[in-house]
Q: 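Got a structure here, written out as structure tokens. Questions coming.
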Amino acid sequence: MKLPPGWRMARLGELCEHKLGKMLDAQKNKGTLRPYLRNPNVQWFRFDLTDLKEMRFGDSELAEYEVCPGDVIICEGGEAGRAAVWGDG
């Protein structure tokens with residue numbers, strides 16, 4: 001792939017922090033039921049929040065899995081690479 005002058009190829013991990021979301025496991029998940037994003041909620045450049053499911057999160061997990069304005073959410077399955085920016089309108 002030819003890049004524009006001054007650009008270089010980089011892995012995502014070189015540019016930012018990245019992590020997988022929490023796995024849905026009824027026996028392991030403890031805490032309070034809270035809404036979470038699933039693959040179908042992430043559309044190209046937007047989120048569909050009409051059908052949010054709930055999962056248990058412990059208080060100690062909230063900061064780790066919180067989605068903040070400017071976070072880029074990228075789908076790993078389905079249409080891999082489908083992405084949207086949280087809080088982007």
Q: Decide yes or no on side chain to side chain contact (heavy atoms under 4.5 Å, CB included) for Trp86 and Leu37, but give the supporting numbers first.
A: CA-CA 11 Å; Trp86 186 257; Leu37 292 172; 4.1 Å; yes
Q: Mark yes when over 12 heavy atoms from residues, nucleotides or ligands other than Glu54 sit less than 6.0 Å from its CD; otherwise mark no.
A: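 Atom CD in Glu54 is crowded, with more than 12 foreign heavy atoms closer than 6.0 Å.
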Q: Please assess Asn29 against Phe57 for the test side chain to side chain contact (heavy atoms under 4.5 Å, CB included), listing each intermediate value before the final yes or no.
A: CA-CA 7 Å; Asn29 294 339; Phe57 288 85; over 6 Å; no
Q: Is any side-chain heavy atom of Phe47 closer than 4.5 Å to one of Ile73?
A: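 SC-SC contact between Ile73 and Phe47 confirmed.
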Q: Hydrophobic side-chain clustering at under 4.5 Å (ILVMFWY, transitive links): who's grouped with Leu20? Put none if nobody.
A: none
Q: Measure the spacing between NZ of Lys53 and CG of Leu33 and express it to the nearest 0.5 Å.
A: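 Answer for the NZ-CG pair, Lys53 versus Leu33, is 13.0 Å.
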Q: Please identify each residue that fulfils side-chain hydrogen bond (donor to acceptor under 3.5 Å, both in side chains) with Ser60, with sequence neighbours left out.
A: none
Q: List the atom of Gly81, the atom of Ile74, and the distance in Å for their closest heavy-atom pair.
A: CA-CG2, 3.8 Å
Q: Examine distances only and state if a side-chain atom of Arg56 and a backbone atom of Gly31 form a donor-acceptor pair shorter than 3.5 Å.
A: yes
Q: Can you list every pair that meets side-chain hydrogen bond (donor to acceptor under 3.5 Å, both in side chains) and has a residue in residues 33-46, with sequence neighbours left out?
A: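 Output for this query lists Arg38-Asp51, Asn39-Arg82, Trp44-Glu79.
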Q: Compare all side-chain heavy atoms of Asp48 with those of Val42 and state whether any distance is below 4.5 angstrom.
A: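 Side chain of Asp48 against side chain of Val42, heavy atoms only: no contact under 4.5 Å found.
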Q: Sequence neighbours left out, cut at 3.5 Å: what donor-acceptor pairs do the side chains of residues 3-16 make with other protein atoms?
A:
residue : atom : partner : partner atom : Å
Glu14   : OE2  : Arg11   : N            : 3.1

Q: Verify the neighbour count for atom NZ of Lys19: are there more than 12 heavy atoms of other residues, nucleotides or ligands below 6.0 Å?
A: yes
Q: Can you run down the side-chain hydrogen bond (donor to acceptor under 3.5 Å, both in side chains) pairs that involve residues 61-74, sequence neighbours left out, and say none if there aren't any?
A: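 Checked against side-chain hydrogen bond (donor to acceptor under 3.5 Å, both in side chains) - neighbours excluded - the pairs reaching residues 61-74 are Lys22-Glu61.
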Q: Could you identify which residues cluster with Met23, counting Ile, Leu, Val, Met, Phe, Trp and Tyr as linked when any side-chain heavy atoms lie under 4.5 Å apart, either directly or through a chain of such contacts?
A: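 Reading the cluster by chain and number, Met23 sits alone, since nothing else belongs.
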